[in-house]
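Following: one structure in structure tokens, then a few remarks.
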Amino acid sequence: MNNIKIVLKGINEDQLKGVNFITGFRTLGEVGYIATRYIALKLGMKRVGFVLTKYLRDVTFLDEYGIATPFELFYDDKNHLLVLLSHLLPLQREANEFSETIVKWLKKLNVTNVILIGGLDKRYRTSNCNLRWLKTSKSQLNLSHPMMEKQLLMIGPLALFTIYSEIEDLPATILLPYADRDRIDPAAAAIAVEEVGRIFNIKIDVGELYEDAKKIEEELQKQLELIQKELNRNISGRVYM
């Protein structure tokens, strides 16, 4: 039985055929999360779906577009772009099925490109480049940046998405700007967003990510701490509003 369900609202799968897909997660520097959320908001994308898991986290909040759920799908019909925005990381026990289900769904949609965004620990930086990348064997993209160095490890949901994309013959390209592992890094996210803009020939102004970096960092750090504190509470100690 599949415990991961994709629910579409106001759109059907036929309308998403051949779409370009983007996602990232709340991992190193929060780069993937900041970048995907920024793209969705900056392009005025419409929320068209949700990903439901068996152990869906009971956390929600008000975002720019309304009530936020853990895993949401946003669509830009002008650029035929689909973004999976993950406000939370999938539970570790569900991460494998989560990744496999979504990748197989993307294959069903016959996606044109899959862009996965993460962060690369800047301590491993060996040159003045600001981004490394890699791709699955079916990706036709070629970027001007150097590729990820051999033997460096990817872990977590980004790694699972990459693995299943390779297995399922999806054309996936992984963007890894160098980021600070000890703090939230909006500037690194801006580098990824700029690269997405170049790949799809879309103008996305990243000025806010640079100019308001400190504010974004403080707001997301506060949010992250509150979420983590709430998720770590036992049932009797939780605060319900």
Side-chain angles (χ1 to χ4, degrees), residues 19-43 45 73-74 76 79-86 89 99 102-103 106 111-166 170-181 184-210 213 216 220:
V19 76
N20 287 303
F21 175 82
I22 303 171
T23 197
F25 298 93
R26 302 194 81 147
T27 50
L28 194 146
E30 300 274 289
V31 173
Y33 174 68
I34 296 172
T36 51
R37 181 175 178 273
Y38 190 83
I39 290 169
L41 294 178
K42 202 67 178 176
L43 293 181
M45 300 176 77
L73 292 165
F74 288 81
D76 173 14
N79 298 296
H80 202 36
L81 200 62
L82 183 69
V83 167
L84 169 62
L85 176 57
S86 299
L89 281 172
S99 305
I102 294 174
V103 167
L106 293 174
V111 290
T112 300
N113 283 291
V114 171
I115 303 295
L116 306 175
I117 302 173
L120 187 59
D121 193 336
K122 69 179 184 181
R123 293 180 303 173
Y124 294 104
R125 194 172 190 166
T126 57
S127 68
N128 60 0
C129 68
N130 56 18
L131 181 146
R132 297 272 184 168
W133 68 291
L134 64 155
K135 63 180 181 177
T136 60
S137 54
K138 292 297 180 179
S139 173
Q140 299 299 309
L141 294 180
N142 286 297
L143 309 184
S144 60
H145 305 276
M147 297 195 78
M148 182 175 172
E149 296 167 302
K150 294 179 181 179
Q151 305 305 321
L152 289 183
L153 299 180
M154 289 174 59
I155 60 172
L158 199 72
L160 286 170
F161 265 74
T162 303
I163 291 167
Y164 281 114
S165 292
E166 179 68 22
L170 288 192
T173 302
I174 302 90
L175 306 180
L176 299 168
Y178 283 103
D180 195 324
R181 67 171 295 122
I184 293 167
D185 198 338
I191 292 167
V193 174
E194 286 176 317
E195 193 62 34
V196 168
R198 280 190 285 268
I199 290 170
F200 296 125
N201 195 26
I202 302 171
K203 181 163 181 58
I204 310 173
D205 183 4
V206 297
E208 292 174 32
L209 289 176
Y210 287 115
I216 293 169
L220 287 181

Handout entry: Shortest non-hydrogen contact between Ile34 and Gly29, atoms and distance
Key = CD1-O, 4.0 Å
Problem - Backbone of Arg123 reached by a side-chain donor or acceptor of Asp121 within 3.5 Å - result: yes
Practice task
Measure the shortest side-chain to side-chain distance between Thr173 and Val114 over non-hydrogen atoms and say whether it is less than 4.5 angstrom.
Solution key: no
Handout entry: CG-CG distance between Asn113 and Leu81, expressed to the nearest 0.5 angstrom
Key = 10.0 Å
Exercise for the section: Please assess Ser86 against Arg26 for the test side-chain contact (heavy atoms from CB on, under 4.5 Å), listing each intermediate value before the final yes or no. Expected result: CA-CA 8 Å; Ser86 299; Arg26 302 194 81 147; over 6 Å; no
Practice task
Using a 4.5 Å cut-off on heavy atoms from C-beta on, say whether the side chain of Met45 contacts that of Ile39.
Solution key: yes
Practice task
Give a yes or no on whether the backbone of Leu41 and the side-chain of Arg37 come within a donor-acceptor separation of less than 3.5 Å.
Solution key: no
Handout entry: Check: Leu116 main-chain N/O paired with Thr23 side-chain donor or acceptor under 3.5 Å
Key = no
Exercise for the section: Calculate, to the nearest 0.5 Å, the distance between atoms CG and CG belonging to Leu175 and Leu143 respectively. Expected result: 6.5 Å
Practice task
Give the C-alpha distance, both sets of side-chain angles, the deciding distance and a yes or no for side-chain contact (heavy atoms from CB on, under 4.5 Å) between Val31 and Ile117.
Solution key: CA-CA 7 Å; Val31 173; Ile117 302 173; 4.1 Å; yes
Practice task
Would you mind reporting whether Glu149 and Arg132 have side-chain heavy atoms less than 4.5 Å apart?
Solution key: yes
Completion exercise
For Asn20 and Thr112, the nearest pair of non-hydrogen atoms, with its separation, is OD1-CB, 3.4 Å
Handout entry: Backbone of Tyr33 reached by a side-chain donor or acceptor of Thr36 within 3.5 Å
Key = yes
Exercise for the section: Would you mind reporting whether Phe25 and Glu30 have side-chain heavy atoms less than 4.5 Å apart? Expected result: no
Exercise for the section: Could you point out which residue of Leu120, Thr162, Thr27 forms a side chain to side chain contact (heavy atoms under 4.5 Å, CB included) with Met154? Expected result: Thr162
Problem - Validation row: Pro177, Asn130 side chains within 4.5 angstrom (heavy atoms) - result: no
Problem - Parallel, tilted or perpendicular: rings of Phe161 and Phe21 (30°, 60°) - result: parallel
Problem - Contact summary for Gly119 and Leu176, nearest pair of heavy atoms - result: N-CD2, 4.0 Å
Exercise for the section: State, with a plain yes or no, whether a side-chain heavy atom of Pro157 is found less than 4.5 Å away from one of Leu89. Expected result: yes
Exercise for the section: Report yes if the side chains of Leu28 and Asp180 come closer than 4.5 Å at any heavy-atom pair, otherwise no. Expected result: no
Problem - Taking every non-hydrogen atom, the tightest pair across Ile204 and Tyr38 - result: CG2-CE2, 4.2 Å
Exercise for the section: Specify the closest pair of heavy atoms between Leu152 and Tyr124, including all atoms of both residues, with the distance to one decimal. Expected result: CD2-CD2, 4.0 Å
Problem - Shortest non-hydrogen contact between Pro171 and Lys138, atoms and distance - result: CB-O, 3.6 Å
Pairs under 3.5 angstrom only: tabulate donor-acceptor contacts from the side chains of residues 187-194 to other protein residues two or more places apart or in another chain.
none

Practice task
Could you check Val196 against Ile115 for side-chain contact (heavy atoms from CB on, under 4.5 Å), going step by step and ending with a plain yes or no?
Solution key: CA-CA 8 Å; Val196 168; Ile115 303 295; 4.2 Å; yes
Problem - Any Leu85 side-chain heavy atom under 4.5 Å of Phe74 side chain - result: yes
Handout entry: Charged N-O contact under 4.0 Å between Lys42 and Glu208
Key = yes
Handout entry: Between CD on residue Glu195 and CZ on residue Phe200, distance to nearest 0.5 Å
Key = 10.5 Å
